[in-house]
**Q** 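Dropping the structure in here first, questions after.
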2 protein chains.
Amino acid sequence: MAGRAQQSTATISDVATLAQVSIKTVSRVMNDEPNVRAQTRDRVKEAAKSLNYNPSMLARSLAGGKSYLIGLIYDNINSTYAHDLQTGMIARCRLSKYHLMCEPQTSENPDLIQAISNLLATIRLDGIAISPPFCDMPQILDIIEATGMSYVRISPSKDLGRAACVRMDEFDAAYNLTKHLIERGHKEIGFIRGHPQHGGSHLRFEGFCKALKDYNIDANQNWISQGYFYFESGREAARQIFEHSKRPSAIFAANDYMAFGLMAYLHDMGLKVPEDVSIVGFDDVPGCQLVWPHLTTIHQPVTDMGYAAAEILLNNGPKERVLPYRMIERGSVLKKE
Amino acid sequence: MAGRAQQSTATISDVATLAQVSIKTVSRVMNDEPNVRAQTRDRVKEAAKSLNYNPSMLARSLAGGKSYLIGLIYDNINSTYAHDLQTGMIARCRLSKYHLMCEPQTSENPDLIQAISNLLATIRLDGIAISPPFCDMPQILDIIEATGMSYVRISPSKDLGRAACVRMDEFDAAYNLTKHLIERGHKEIGFIRGHPQHGGSHLRFEGFCKALKDYNIDANQNWISQGYFYFESGREAARQIFEHSKRPSAIFAANDYMAFGLMAYLHDMGLKVPEDVSIVGFDDVPGCQLVWPHLTTIHQPVTDMGYAAAEILLNNGPKERVLPYRMIERGSVLKKE
DNA sequence: CTGAAAGCGCTTACAG
DNA sequence: CTGAAAGCGCTTACAG
């Protein structure tokens, strides 16, 4: 109940008193440092256990100059992506007794830079991961670097050598997905572009263009339409493509949500997938198995990317990790004879 | 770059020196406390700004006995739910310069109690929110209460008076959703139950039963099947219902994911929704607008619930908040003439 | 209206 | 192998 007295938490001094050692020795034991006699160590451990002692993260942080906290700056638009990233990062954090500080932001925020700057000044994070589109904003990287804090970029698309990063080869994935369409007999292929602020949009589009080029297929500009990564923008982009008299036999949407919007549009128009129009998406969000037919797409290993990002931050891992993607073939592509 | 020197962050002493006051006065200004001459206040503010000073959360926490941190313990199974809860809580946290510590758990973890106990001992959280199924586990509430920490339960279903909570009336929502089915002419209604460990499963089922009873409809036990809140369990539960020779004209799935599994089953069997079987779900996850027909369901105001939970924690708000739900009518229910 | 002192619970740097 | 001292950057409690 509310009125209950706060149970006084045991401190390092309590343990020291009980074990009849100095607090420094307790500190050594709690941190698994060497140079403690086995017997002393046992005595301290026992005292700690009997007092149910857990070192205060706050005090350790202030004294030691380490916060045991890493951060994640992400765009709050896509819940699945952010959640998977968190899941991976938290899994790795727990291995090192770290915690994750989630910092959703929106790129529309006019005070974005100030907000991040305040965050960095207020909480002494031991490292920070930045996902798109923030990882491609030079101003943000500048202020992080000014603090000297270590950071990792997730799926950056510009200036890759600037800092540690974890990513997958989106260009290659888009190339192969397009190739998949071509090998199934499609030559009239449209593309719905993603949010121009997200680097992935460009990489995916470039992979698409390269595949067309390699197979000597001309891209029809009427079938290339701008979307913004969300459902309705896919529907709207579809509308623009189908305004033209001649229509493509397949469309590559730069992410799954836009592919869903496209499917909704086709449904409303009485067009069937994949008989009338084949569709592929990108990301492999859970909804891919909800739509009918299920969506052929590229699986991004988002949870693994989060794990790898935390690994780089906590373990001073390699500066770059490129994770493998998988093409997931489902039912949204027709094989033309 | 990595080799860059760490920019020394300004401390309260730096500001005090520059403004020619004591650190106590700086502290007063930073915390908007009274009893500072306007002129002094301005001088301090100026100094703080010129030094780009932000108080260290860590130091404030340790000295003040407040961590400016609240926690959220949630089940990591359903990403949408957890994400929406986080979003609401973070929005409220920012108003009070608080941060949210996310603590995903799984009820399968044998060390669940120990893990939460360690968490509470390690980080001095100023409050904690607990979502299902954890909010209904007496052992967890016990250890939280033993620390004296304030907490709030999100959608608890047992022992509601035990602590502060935010919830919606799931019984009532299920009742009205069932009524909706009945008013559309359905009398042969099945039900797919949710995870027995989640209190909501029972509340929803009870609301369903009550509506049937009030309308003098006998519940056919063959059409009541056990699911576990995830997609495949809905498909499996559907299989069991349709094993029986006589089949229902409508099915209420205790959450949307199971409704999706049910739809997949019907699709595979060549049965049409809503012509052959009408369906309703519960929660209003994004996928509801992806399936075809779109799913009629109950919208849970999850983000608002997160906001309200943080409000209770930070503002010492009312002990109970019951938020309104909305029935969202889409295309998955047939009106029988 | 302002400040000097003590202390939050640890770690660092040093001494023995 | 062990410990005494100083300090992390603030707030609390008190004095004036």
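Chain letters run A, B, ... following the sequence lines, proteins first, then strands; residues in each count from 1.
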**Q** Answer yes or no: does a side-chain N or O of A/Ser27 lie under 4.0 Å from OP1 or OP2 of C/dC10?
**A**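 A/Ser27 to C/dC10 OP1/OP2: no side-chain N or O under 4.0 Å.
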
**Q** Please state how far atom CG in B/Asp126 lies from atom P in D/dT11, giving the value in whole angstrom units.
**A**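 So the two atoms are 14 Å apart, to the nearest Å.
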
**Q** Within a radius of less than 6.0 Å around CZ of B/Arg92, do more than 12 heavy atoms belonging to other residues, nucleotides or ligands occur?
**A**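 Correct, the count exceeds 12.
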
**Q** Looking at A/Arg162 and A/Glu145, does any basic side-chain N land under 4.0 Å from a carboxylate oxygen?
**A** yes

**Q** Rounded to the nearest Å, what distance is computed from the CD atom of residue A/Gln39 to the P atom of nucleotide D/dC1?
**A**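 In whole Å, D/dC1 P lies 12 Å from A/Gln39 CD.
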
**Q** Say whether, by atom type as modelled, one donor and one acceptor occur between the side chain of A/Asp136 and the main chain of A/Ser157 under 3.5 angstrom.
**A** yes

**Q** Do A/Arg124 side-chain and D/dG9 base share a donor-acceptor contact under 3.5 Å?
**A**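 It does not, because no donor-acceptor pair links the side chain of A/Arg124 to the base of D/dG9 below 3.5 Å.
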
**Q** Are OP1 or OP2 of D/dC10 and a side-chain N or O of B/Tyr53 less than 4.0 angstrom apart?
**A** yes

**Q** Taking atom C1' of C/dC8 as reference, at what distance in whole Å does atom CD1 of A/Ile12 sit?
**A** 13 Å

**Q** Taking CG from A/Asp14 and P from C/dG9, how many angstroms apart are they, rounded to a whole number?
**A**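 Checked: the CG to P distance equals 9 Å.
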
**Q** How many Å lie between CD on A/Gln20 and C1' on D/dG3, as a whole number?
**A** 15 Å

**Q** Starting from C1' on D/dT12, measure out to NZ on B/Lys24 and report it in whole angstrom.
**A** 7 Å

**Q** Would you kindly compare B/Ile23 and B/Asn35 by the position of their nearest DNA chain C nucleotide and give the one closer to the 5′ end?
**A**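 Counting from the 5' end, the first nearest nucleotide belongs to B/Asn35.
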
**Q** Please confirm whether the shortest side-chain N or O distance from A/Thr25 to OP1 or OP2 of D/dG3 is below 4.0 Å.
**A**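 For D/dG3, OP1 or OP2 has a side-chain N or O of A/Thr25 closer than 4.0 Å.
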
**Q** Whole angstroms only, please: what is the CD-P distance between B/Glu33 and D/dC10?
**A** 14 Å

**Q** Which class fits the ring pair B/Tyr98 and B/Tyr68: parallel under 30°, tilted 30 to 60°, perpendicular over 60°?
**A**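 It falls in the tilted class, 30° to 60°.
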
**Q** Should B/Thr40 be listed as having a side-chain N or O under 4.0 Å from OP1 or OP2 of C/dT2?
**A** yes

**Q** Does B/Arg28 or B/Asn31 map to a spot on DNA chain D nearer the 5' end, using the closest nucleotide for each?
**A** B/Asn31

**Q** Taking the side chain from A/Asn315 and the backbone from A/Glu311, do they hold a donor-acceptor pair closer than 3.5 Å?
**A** no

**Q** Rounded to whole angstroms, how far apart are CE on B/Met30 and P on D/dG9?
**A**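 Interatomic distance, CE of B/Met30 to P of D/dG9: 15 Å.
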
**Q** About how many Å separate CZ of B/Arg153 and CD1 of B/Ile73, when rounded to the nearest 0.5 Å?
**A** 13.0 Å

**Q** If we ignore hydrogens and angles and just use 3.5 Å, is the side chain of A/Thr40 paired with the main-chain N or O of A/Val36 as donor and acceptor?
**A** no

**Q** Determine whether a donor-acceptor pair (N or O, by modelled atom type, separation under 3.5 Å) exists between the side chain of A/Ser117 and the backbone of A/Ile113.
**A** no

**Q** For the pair A/Glu33 and A/Arg41, find out whether any cationic side-chain nitrogen is under 4.0 Å from an anionic carboxylate oxygen.
**A**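 Result for this pair is no, no salt bridge flagged.
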
**Q** In residues 54-65 of chain A, what residues come within less than 4.0 Å of DNA chain D, judged by heavy atoms?
**A** A/Leu62, A/Ala63

**Q** Please test B/His83 against A/Gln86 for side-chain hydrogen bond (donor to acceptor under 3.5 Å, both in side chains), starting from the C-alpha separation and ending with a verdict.
**A** CA-CA 10 Å; B/His83 185 265; A/Gln86 284 179 20; 5.6 Å; no

**Q** When you look for runs of 3 or more Watson-Crick or G-U pairs in a row, both distances below 3.5 Å, which of them include DNA chain D?
**A**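 Result, WC/G-U stems under 3.5 Å: C:1-3 with D:14-16, C:5-12 with D:5-12, C:14-16 with D:1-3.
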
